[in-house]
Q: 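Here it is: the structure, laid out below.
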Amino acid sequence: MKALFPLSLLLIAVATACGAPPSQSSAHEMHAEAALTVRDAWAAPTPSGVDVAAGYLTISNGTAAQDHLISATSPRAERVEVHEMTMNGAVMQMRPVARLDVPAGGDVQLGPGGMHLMFYGVSEPFVAGQTIPLHLVFERAGAIDVELPVQRTAPHSHGANHGG
Ligand SMILES: [Cu+2]
């Protein structure tokens with residue numbers, strides 16, 4: 001039938017508008033009604049002189065069950081951790097998150113100033129314009145492969161201020 005709405009074209013247009021290049025590989029299919037999805041993924045350029053870099057993304061849980069992140073790995077880093085920022089007096093510090101939960105029907109946002117991904121052992125610096133592969137494994141949803149475009153600022157400004 002030729003009357004079908006060209007949904008795939010619309011999705012590509014939306015992805016492009018969000019700053020994410022259309023992916024050639026569809027490692028995971030979209031299940032809009034019930035799925036764990038990752039969006040707004042990006043990574044910051046590696047500061048000069050260090051071998052660590054930060055990455056950000058939003059995880060949406062469209063299912064009726066809480067999920068949690070088991071592991072995050074990337075071929076561009078020796079290891080990847082999830083960190084959170086905490087105030088120690090007047091000093092902001094970061095520490096690993098023991099367990100990242102994604103509540104049923106909810107979002108978890110990793111962004112500048114809050115929770116973030118930390119790439120350790122980055123031997124080849126992240127440079128703007130590159131794309132960093134990230135392999136996430138969730139307890140229920142299983143493996144999700146994400147690509148993080150390297151850029152200096154967030155792809156969106158959702159005004160996600162957490163008590164700023
Ligand atoms: Cu950190």
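Counting convention: from 1, in listed order, for ligands and their atoms alike.
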Q: Of all residues at least two apart in sequence or in a different chain, which pass the salt bridge (Lys or Arg N to Asp or Glu O under 4.0 Å) check with Glu78?
A: none
Q: Residues two or more places apart in sequence or in another chain: which of them pass salt bridge (Lys or Arg N to Asp or Glu O under 4.0 Å) with Arg140?
A: none
Q: Do you know the tightest heavy-atom contact between Leu148 and Ala41?
A: CG-CB, 4.0 Å
Q: Taking all non-hydrogen atoms of both residues into account, name the closest pair between Asn61 and Val102 and its distance.
A: ND2-O, 3.0 Å
Q: Would you say that Pro103 contacts Val108 through its side chain, given a criterion of any heavy-atom pair below 4.5 Å between the two side chains?
A: yes
Q: Taking side-chain contact (heavy atoms from CB on, under 4.5 Å) as the test, write out the residues that go with Ala104, two or more places apart.
A: none
Q: Near the Cu ion (ligand 1), which protein N/O/S atoms are found at less than 2.8 Å?
A: His83 ND1, Met94 SD, His116 NE2, Met118 SD
